[in-house]
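Convention: sequence-line order gives letters A, B, ...; per-chain numbering from 1.
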Amino acid sequence: MNINIVFPDKQQKAFEAGVSVAQAIAQWRNEALSSAVAAKVDSVPVDLSFVLTRDAALDVIDVSSREGLNVLRHSIAHVMAHAVQDVFPGAKVTIGPSIEDGFYYDFDYAEPFELDDFAKIEKRMKKIAAADYPFIREVLPRAAAVDIFSARGEDYKVELINDLPADVTEVSLYKDGDYVDLCRGPHIPSTAKVKAFKLLSLAGAYWRGDERNKMLQRIYGTGFADEAALAEHLALIEEAKKRDHRRLGRELDLFSISDEAGAGLVIFHPKGMMLRYLIEDWERKEHLKRGYDMVMGPQILKVDLWKKSGHFDHYRENMYFTEVDEQTYGIKPMNCLAHMLIYKSKIRSYRDLPLRYFELGTVHRHEKTGVLHGLLRVRQFTQDDAHILCMPEQLNAEIRAIADFVNYAMGVFGFEYEVELSTRPVHSIGSDADWELATCALEGALKDNAIPYEVNEGDGAFYGPKIDFKLKDALKRKWQCATIQCDFTLPERFDLNYIGPDGEKHRPVMLHRVILGAIERFMGVLIEHYAGAFPVWLAPTQCILLTVTDKHIPYAETVYSALIDAGIRCEKFFDNEKLGYKIRQAQMQKIPYMLVIGDKEMEAATIAPRARDGSNLGALTVEQFIALVREMCEKKKG
RNA sequence: GCCGAUGUAGCUCAGCUGGUAGAGCAACUGAUUCGUAAUCAGUAGGUCCCCGGUUCAAAUCCGGGCAUCGGCUCCA
């Protein structure tokens, strides 16, 4: 019997039923087979060994595609697990997927693995690759699969199979050599395609991601189609480390975190504080343009208020408390309470709404020691926080305005971001109806504005669902910055109301929102984003005066005064060193403009600016330079 | 909080199996007065994270803490 196969270029070919995908591809385009790792039959991913028995559309999954790379990495993860079991008999396998930059596999083994073991495992992996074991897929009834894994002592695989939904009657296994794994597939045709890989790090990870479960040992690795791509990736990791904000924070003297002061507490040095001031100053103005009122609440509030808000019941673990005159006060972990009190301080009319209270509010949260991370995860931080109190019918427009604000702000800094909608968590307050309303309001606004998003089930705040905006750091870790949270509960708990057009009391709705999120975190991501080379408007030092010799100092001093007078952030570097040395120092400090002053400049009453990118701007008068800097700041360029 | 690793001069790192510490850069001093990414010479700098233990003797071995790093869980 003949079957018709349609190839990606719409070409149709007839084959005898029973032909494998690999054979079909070979007859279509022989060269396509060498870089193919798997295929899709009528959009369903399959192995190259899959047998075609009826008419179908065939797609090739090439290793050069994202999908193909994932298949390869997943197969490398199998090879690694195979090698680990060879090197460490008795190690139990659990799960091992491909991830964005590679793969990992989690093992349960009595002894801790060490970094030194990587060489042994890699060596073994190379042997497995050289053996050219085909990946063989087998489909069996789940009971038979349970028997196989039980016999091999693979308790975790047995658990995985037993937890499958009842309607799943068969499962697929993949074998390479004497290694067997439970796996959906597809896989590369044989271990010979495993050519370029490297094991990278070791970590603990809870079984099924639940901290109540046993901690397993995770090995992270990465893999590519060839050595060149691997080397490129490893070089990229090195580059990313160079722009790590913790390293740049020290090198550029922006901030420090001191054991003596305490973990997770940031100490801003002059340059870091200047950067922070510039961001905050910009942000205040942007808020005033958008109808926000600046407010400020106290740092500590009586514990009864935290009980009223629900924080004491649901957030106590993260809060710090202190005693004042035998009364317990909670150090604020959020800024909303004072804002509620401001609202309540007088009778509100529907004509007053929406009210938008903005505060650069400093909060303290007790974060577990293991999570602290430079500026990105700290125990004291300042949020660019606002609470918007409005009528339910104003909700959509307000959410839309915030999303626009976020989009504008991210555009100013040149950030790409991802959006997530986080729904009701297990521990939460409020009625089902309110959660439903709030979630719909957020989702509706996202849909109305055609903002692409993913749903993050159960990840909302305890008082309401939220829209999260996530930025990536240099090492591609995602960090939540902006967030919009919809809250029907706190207005209820605080009995907030407004007088409607009908003369009756009504309940307002509250939006909690931040644009940059935590200033500290945002700065951390920002430092990495710019690799420390801040645009002129944000650069703590915008220019530095470099004298060629000592005799140019008096003239350079007059230039300095003129620049400082004009509000330009300028430094002097008049040391008795060669110009090349000073250029190098300024370059390493990533200062936007180096202003060279020698004989020529002194005579012509000019300066010779050299930009950070190495270009010379030619002789400029001080006035011309001031105008240039002002223009760059205005346009937020450079 | 959990798993693993690490903690030596301001920074980056040596210091083998126990015999009380070194390099480069930075800093400081002097000489040099120099034109677009490192001038030369000299000087100084350390409770070897902290506390306890073993030992004639601990940076080194053991125990406990703290902190950092990579993850997990959690989160702005």
> For the base of B:rC72, is there a side-chain donor-acceptor partner from A:R208 under 3.5 Å away?
Replying inline: no
Distances under 3.5 Å between nitrogen or oxygen atoms of protein and nucleotides 2-6 of chain B:
from	atom 1	to	atom 2	distance (Å)
B:rC3	O2	A:G204	N	3.0

>> Using a 4.0 Å heavy-atom cut-off to protein, can you give one letter per nucleotide of nucleotides 35-47 of chain B, 5' to 3': B if the base is in contact, S if only the sugar-phosphate is, - if neither?
In response: BBBBB--------
> Just how far, in rounded Å, is P of B:rG70 from CG of A:L376?
Replying inline: 10 Å
>> Using side chain to side chain donor-acceptor pair (under 3.5 Å), reason through A:Y453 and A:E443 one step at a time and then give a plain yes or no.
In response: CA-CA 9 Å; A:Y453 65 96; A:E443 193 157 23; 2.7 Å; yes
> Under a 3.5 Å cut-off for both distances, is B:rA67 Watson-Crick or wobble paired, and to whom?
Replying inline: B:rU6
> Contact class for A:R246 vs. all strands (heavy atom < 4.0 Å): base, sugar-phosphate, or nothing?
Replying inline: sugar-phosphate
> Which nucleotide, in any strand shown, forms a Watson-Crick or G-U wobble pair with B:rA37, with both distances under 3.5 Å?
Replying inline: none
>> Just the rounded figure in Å: distance from C1' of B:rC74 to CD of A:Q480.
In response: 12 Å
> Which whole-number value in Å describes the distance from A:D385 CG to B:rA76 C1'?
Replying inline: 10 Å
>> Can you tell me how the ring of A:F413 sits relative to the ring of A:F415, calling it parallel under 30°, perpendicular over 60° and tilted otherwise?
In response: tilted
>> Checking side-chain hydrogen bond (donor to acceptor under 3.5 Å, both in side chains) between A:D244 and each of A:K242, A:R247, A:K241, A:R246, which is the one that passes?
In response: A:R246
> Taking a pair as Watson-Crick or G-U wobble with both distances under 3.5 Å, which nucleotide is matched to B:rC48?
Replying inline: none
>> Within the 4.0 Å heavy-atom criterion, would you say A:V378 contacts the bases, only the backbone, or no part of the nucleic acid?
In response: base
> So what does A:D550 hit on the nucleic acid, given a heavy-atom distance under 4.0 Å: a base, only sugar-phosphate, or nothing?
Replying inline: base
> A:K466 near the nucleic acid: base, sugar-phosphate alone, or nothing, with a heavy-atom cut-off under 4.0 Å?
Replying inline: sugar-phosphate
> Considering heavy-atom distances to RNA chain B, does A:T483 or A:D244 have its closest nucleotide positioned more toward the 5' end?
Replying inline: A:D244
>> Can you tell me the base-pairing partner of B:rC56? Count Watson-Crick or G-U wobble geometry only, both distances below 3.5 Å, and say none if there is no partner.
In response: B:rG19
> Does B:rC72 have OP1 or OP2 sitting under 4.0 Å from an N or O in the side chain of A:Y220?
Replying inline: yes
>> Is the positively charged end of A:R290 above the ring of A:Y408, judged by distance under 6.0 angstrom from the centroid and angle within 45° of the axis?
In response: yes
> For B:rA26, which nucleotide is its Watson-Crick or G-U wobble mate, given both distances must be under 3.5 Å?
Replying inline: none
> Taking the inter-plane angle between the rings of A:Y292 and A:F405 on a 0 to 90° scale, is it parallel (under 30°), tilted (30 to 60°) or perpendicular (over 60°)?
Replying inline: tilted
>> What contact category does A:D459 fall into here, base, sugar-phosphate, or nothing, at under 4.0 angstrom with non-hydrogen atoms?
In response: sugar-phosphate
> Under the 3.5 angstrom rule, does the side chain of A:D117 hit a backbone N or O of A:E114 as a donor-acceptor pair?
Replying inline: yes
> Which whole number of Å gives the distance between the C1' atom of B:rG45 and that of B:rC28?
Replying inline: 10 Å
>> Distance check, C1' atoms only: B:rG53 and B:rA44, in whole angstrom units.
In response: 36 Å
> What distance, rounded to whole Å, do you find between the two P atoms, one in B:rC74 and one in B:rA5?
Replying inline: 25 Å
>> Just checking A:Y463 against A:Y315, ring centres under 6.0 Å apart?
In response: no
> Please give, in whole Å, the distance from B:rA76 C1' to A:F462 CZ?
Replying inline: 15 Å
> CG of A:N456 versus C1' of B:rA76: gap in Å, rounded?
Replying inline: 15 Å
>> Distance check, C1' atoms only: B:rU8 and B:rA58, in whole angstrom units.
In response: 14 Å
> Within the structure shown, what part of the strands sits under 4.0 Å from A:R477 by heavy-atom distance: base, sugar-phosphate, or nothing?
Replying inline: sugar-phosphate
>> Counting the atoms with a prime plus P, OP1 and OP2 as sugar-phosphate, which does A:R218 contact under 4.0 Å by heavy atoms, base, sugar-phosphate, or nothing?
In response: sugar-phosphate
> Is it the case that A:R73 places NZ or CZ above or below the six-membered ring of A:F103, under 6.0 angstrom from the centre and within 45 degrees of the axis?
Replying inline: no
>> Once you apply a heavy-atom cut-off of 4.0 Å, does A:R377 come out as touching a base, just sugar-phosphate, or nothing?
In response: base
> How are the rings of A:H364 and A:Y320 set to each other: parallel, tilted or perpendicular (split at 30° and 60°)?
Replying inline: perpendicular
> side chain to side chain donor-acceptor pair (under 3.5 Å) between A:K582 and A:T547: does it pass, once the steps are laid out?
Replying inline: CA-CA 9 Å; A:K582 297 187 196 182; A:T547 45; 3.0 Å; yes
> Ignoring hydrogens and angles, are the base of B:rA76 and the side chain of A:Q485 linked by a donor-acceptor pair under 3.5 Å?
Replying inline: no
> Atom NZ of A:K368 and atom P of B:rA67: how far apart are they, to the nearest Å?
Replying inline: 16 Å
> When the C1' atoms of B:rC2 and B:rA76 are considered, how many whole Å apart are they?
Replying inline: 23 Å
> Taking the same atom, C1', in B:rU6 and in B:rC34, what whole-Å distance lies between them?
Replying inline: 45 Å
> Looking at A:R250, does any N or O in its side chain come under 4.0 Å of the phosphate oxygens OP1/OP2 on B:rU12?
Replying inline: yes
> B:rU73 C1' sits how many Å from A:H366 NE2, rounded?
Replying inline: 14 Å
> Is there a side-chain contact between A:I331 and A:R365, using heavy atoms and a 4.5 Å cut-off?
Replying inline: no
> What about A:R365, does its side chain sit under 3.5 Å from the base of B:rC74 through a donor-acceptor pair?
Replying inline: no
> Stacking between A:F381 and the base of B:rA76 (centre distance under 5.5 Å, interplanar angle under 30°)?
Replying inline: yes
> Between B:rA26 and B:rC40, how far is it from one P atom to the other, in whole Å?
Replying inline: 10 Å
> Between A:R569 and A:P540, is any pair of side-chain heavy atoms under 4.5 Å apart?
Replying inline: no
> How close or far is atom C1' of B:rC13 from atom CZ of A:R247, stated in whole angstroms?
Replying inline: 13 Å
> Cation-pi between A:R584 and A:Y581: NZ/CZ under 6.0 Å from ring centre and within 45° of the ring axis?
Replying inline: no
>> Between B:rG46 and B:rC11, how far apart are the two C1' atoms, rounded to whole Å?
In response: 14 Å
